[in-house]
Structure formats: C-alpha cells, structure tokens
Amino acid sequence: MADAFKARYSSGAQIRTGKIRSAAACAAAAVIVSRRLKVRSQKCTARKILLEFQEACYTPLARLRQVVDAMAVEMHAGLVSEGGSKLKMLPTYIDRLPDGHERGLYYAVDLGGTNFRVLRVQLGGLEGRVIKQEYEEVAIPPELMLGTSEQLFDFIAKELVSFVAREGQDFRLHAGQNREIGFTFSFPVKQTAVNSGTLLQWTKGFKVNDAVGEDVVAALQRGIERRGYKMRIAALVNDTVGTLAGGRYWNNDVMIGVILGTGTNACYVERAEAVSKWAGDIPKSGEMVINMEWGNFWSSHLPRTYVDESLDNESLNPGEYGFEKMISGMYLGDCVRRVLVRMAQEACIFGTPVPHKLLEAFSLMTPDMSKMHHDDSSDLKVVAEVLKRVYGIQNTTVGIRKIVVAVCDTVCQRGARLAAAGIVGILKKIGRDGSAANGVIKRNTFEQSDMNGFHDEVPVHYTSGGRTVVAMDGGLYEHYTKFRNYMQEAVVELLGEGSKNVVIELSKDGSGIGAALLAASHAEYVIS
Ligand code: BGC
C-alpha cells in the first residue's frame, strides 16, 4: 500500500516537474518569439524610414536634367548682375592661364580645408617644366578656425616663413627676383585685382568673424612682414582656379576646375563678353575665369529632405551653401547620421536609450561612411566595427547593418548625381555638352594621360568634335570610389553620346602647383 502510495506520489511529482519544465520552456520560447517580433518590427519601422528617405532623395534622369537646366540658367543670372543669383559667379581677374613658358622659383600657400599646405616649385619653361617641387602639410589647429583674423593669418605666415627658411640649394631665385607667392584661399572672395580680394563669408566650419570683409591678401602680407620677411603675393586664387590652372599647364583642353572634397565648387573659362556685370576692360584674351561658388547654388528641383533642413539649421552658415551641404565631404557623413538617429529613436535599432554620441552633430565622418559603404564582407563586419568604434554600438544584426549601408548608398548616390548635374550644367552653359557636336565616333580608346601627375579616370573617346577636360581634385572624389563611379555614370547618362567628348581627370593636389603657376604668370619680375 505504502509502496503503491509512494509510486503514485512520485509519479505525481514527476508530472509536476515535467509541467514546470514545459512551462519554463514555453516562457523562454515566448521571450524568443517576442524578441524576434520586436526585432522584426524594429526592422520594419527602420525599413519604412529608409524607403521614405530613398524616395525623397530620388534623382531620376528627368530630375537631373532639371537641375542641369537650373544650373545653366542661374549661371547666366549670376553673370548679369551682382546678387542676380545665389550662384556668386565671381570674376577672378585671371584672363590667361599658364601655358608652360613659366620659369623660376615660386611659392604657394594653400588654406581651404582641414589642412594647410606650403609649396615651392622650380619651373623650367617648356623644356624643363616642373624641375623640382617640395611641399609640407600641417593640420589647422581647430581653435584657429573659430579665432581671430590675426591669429589665423599669423599662423599661415609663420608656417610659410619657416618653410622658406629651409629652402635648399636646388631652388634658385634669379638675381633681383623677390619670392612671389600664389595664395590659394578656398573660400568665397570678391576679388578687386588678381592679387587682392575681400572675404564674403566663411564656409566648411570656419568662422573667423573679423576676417569677413577684410582683404585677405593684405592680412597675409601683414603677417609676413611682422616676421621680417619680404615676399610678394602675386595671385590670390580659389582652389578650383588653382586646379584649372594646374590642369591647363599640361593640357589645353582643360576648361573647368572642380573640387569635391571637404567643400565643393567649380570654376570655368567664360567669354569675357558674357560677364555683363564686369565693369573693367575686356581682356586681350577675351576670356575670364569665373569662380562659381556652386556650393551656394539653389533650385526647387533639388531633392531636399528633413535631413537637409535640420543639418542646415544647425550649421554655422544656415540658409547658405545648400548644394554643398548635399554633396561635399564635410556633410555627407552627417546626413547619414541624421537618418540613423531617426531610426534609433523611432525603431530603436541600436537599443535603448539612443547611444549618446550618435546625437552629436558631425560625429560620423565621411571617411567612416565610405568605409561602411564599401564593406563587401558577407556579414558586414566593417559596418559593425565602425558602429562599435564610433558609437560603442554592439550586437547589431546583419539586417540592421544592411539598412545602415543602404542609408550610406542613398546619401552618396544623391550627392554624386547632383555633382554630375552641376558639371553638365557648366558644359551646357559653355556649349560643350555635346548637343552641338556631330557625334561621329572615330575611335574609342583608353588613352594614356599626357598630363603629368594626372590619372585617367574614364575611358576617353575621340569624336570629330573637340574634347573638354574637367580637372578634378578633392579627397571625396579621390577616395570615395562609389561616389566617383555614381558621378561618372550620371555624367554619361546625362550626356549620352556627348559624354565621349568629356574627360574628367583627377588632378591630385593640382591647386597648389596651379597657384604657384599663376604667381609665375602674374609675377612682377618676369623671367624670359
Ligand atoms: C568654398 C569654395 C571652395 C570649395 C572647395 C567651398 O566651401 O566656398 O570657395 O572652392 O569649398 O574647397
């Protein structure tokens, strides 16, 4: 009896234990299911945000064509009158570009992005060309970007004179020749001569308030004199103009200079007669280089989103440089970050609370965006690494990482296609978009570049029409492969057959040497 009771009792206990176990298993399964459901719903919300953003950024061919037309129209308007357009279309007083005859020793200083550069070059005329060059680069101390004009120009002068002091025997000044300098200053300047001009406003995170309205050449000249040196600033040039000049030195077909780097801009060779607002004499060459300051271009056809609005509102120059904020290296990473913030807040894709650092403006730099975008590992481990390193975000699923890559792709593609539309807008304005060419293709080839220091970027095709070369510089174009590819594809899409006459050449660091070449061609002491 007792045994029977025991047996019954113990089997009852087993049943209870079994029930408890299965209840626990059920609860665990429920947790897993609910976690999966939560992840799925997070992903679903994140996808919705992505889709909405992709739609808002969409740049189909028809829209790009509208941007091209708007660019050409605004160029016209900006040439007609001061303030006629958001495109500043600034005459540069450069009416002749280097042609290879330049001789002697020249210097260049280059202030424009995150780095400052000094350079010297010994030019040997048509036979010798660039005999020797040397340069040095230093990072600009961040406090100088927001300090006073005197501090900034003193820093430039100090770096310049210490570089000059280290001039070696291989570099020679002609007897009686002063050191002449090309000053690349990559901000909007209203020039009053080839070697003077006042700063209109700052861009790219600089804000040295007392320099606005000041003659930047005089400011640098004072800095040099304070250090007891005698040098002459022979030319003040925008980096686009330096790039154009550096390109033209090797190749007569170079008509346009473009920078796609921290900031973005373009310049081109215009018929002087087309510059109606120009009050001076028409130069002998009949031409004038125009610094467009295309970063400030605006058109209702640009695909503006909530991301662009918030970025602009929180920038150092709200309401200004809207095109630059959609295209250039300073801003692309931050556009991506802003979409990720929305996903983190509304879909909790990075858990709760939202990682603090993600809320910090400019915490995602474009080089990191580019790394994530180019991640071709099956589990997107580079994306995981960047999210962890920059934001301390761990344990992301591959699905979420894919969404992050798609955001990078959307921002990159939009910027690249808009840059392409900008270039085609210039080609259209100067009648070189192929619409006038007869389009007979004689031969297609990958041409070896004849431009010293230039690399071939796109297949070069000859037609019976002339070709136009765009000299390009800037880290965004050079290092962000997918950006470069999207841009080139869009140029071909827009120009069709006409693209066979257009070559985009990377002119690496062309702007420094271009400024030195312009100093040579505008020198006080001309060596023949
Ligand atoms: C400046 C331009 C410059 C461009 C590229 C822009 O922010 O306004 O003058 O050419 O950046 O450096």
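Please read these numbers as outputs of a predicted model, since none were measured by experiment. Just so you know, these numbers use all the heavy atoms, side chains as well, and skip hydrogens, waters and symmetry mates.
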What closest approach, in Å, do [X] and [Y] show between heavy atoms, and which atom pair accounts for it?
X	Y	value
Ile290	Val275	CD1-CG2, 3.9 Å
Pro98	Leu518	CD-CD2, 4.0 Å
Leu111	Phe187	O-CE1, 4.0 Å
Leu200	Val212	O-CG1, 3.4 Å
Leu316	Gly205	CD1-O, 3.5 Å
Leu476	Leu332	CD1-CD1, 3.9 Å

Report yes if some heavy atom in the side chain of [X] is under 4.5 Å from a heavy atom in the side chain of [Y]; otherwise report no.
X	Y	answer
Leu97	Val269	yes
Met145	Lys207	no
Tyr268	Met75	yes
Pro303	Leu418	yes
Leu236	Gln191	yes
Thr264	Glu293	no
Arg304	Glu309	yes
Pro91	Lys277	yes

Donor-acceptor pair, distance only, cut-off 3.5 Å: does the side chain of [X] make one with the backbone of [Y]?
X	Y	answer
Lys88	Gly78	no
Gln177	His174	yes
Asp433	Val424	no
Ser328	Thr262	yes
Gln221	Met231	yes
Asn296	Lys86	yes
Thr243	Asp239	yes
Lys204	Gly112	yes
Glu102	Gly100	yes
Thr366	Gly329	yes

Rounded distance [0.5 Å steps], [atom1] in [X] versus [atom2] in [Y]:
X	Y	atom1	atom2	result
Leu302	Thr305	CG	OG1	11.5 Å
Arg484	Leu506	CZ	CG	7.5 Å
Arg417	Glu489	CZ	CD	8.0 Å
Asp473	Ser511	CG	OG	6.0 Å
Met330	Leu311	CE	CG	9.0 Å
Tyr58	Leu64	OH	CG	10.0 Å

With no hydrogens and no angle check, just 3.5 Å: does a side-chain donor-acceptor pair link [X] and [Y]?
X	Y	answer
Glu137	Tyr135	no
Thr468	Arg432	yes
Glu180	Asn178	no
Tyr106	Gln133	no
Asn238	Thr184	no

Are [X] and [Y] close enough for a salt bridge, meaning some N to O gap below 4.0 Å?
X	Y	result
Glu478	Lys508	yes
Asp334	Arg338	yes
Asp308	Arg414	yes
Glu493	Arg65	no
Glu134	Arg166	no
Lys428	Asp69	yes
Asp312	Lys325	yes
Glu167	Arg172	no

Can you see whether Tyr107 has Arg120 sitting over its ring - NZ or CZ less than 6.0 Å from the centre and within 45° of the normal?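 Judged by the rule (NZ or CZ under 6.0 Å from the ring centre, within 45° of its axis), Arg120 is not positioned above Tyr107.
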Determine whether the aromatic ring centres of [X] and [Y] lie less than 6.0 Å apart.
X	Y	result
Phe297	Tyr321	no
Trp298	Phe323	no
His373	Phe483	no
Tyr93	Trp278	yes

Sort out for me which residue in Ile259, Leu87, Thr240 forms a side-chain contact (heavy atoms from CB on, under 4.5 Å) with Trp294.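 Exactly one option meets the side-chain contact (heavy atoms from CB on, under 4.5 Å) with Trp294, and it is Leu87.
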Checking side-chain contact (heavy atoms from CB on, under 4.5 Å) against Val68, which of Leu495, Val73, Leu494 comes through?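 Of Leu495, Val73, Leu494, side-chain contact (heavy atoms from CB on, under 4.5 Å) with Val68 is met by Leu494 alone.
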Let me see the working for Arg232 and Glu524 under salt bridge (charged side-chain N to carboxylate O under 4.0 Å, His left out), right down to the final yes or no. CA-CA 9 Å; Arg232 175 175 178 265; Glu524 208 169 43; 3.6 Å; yes
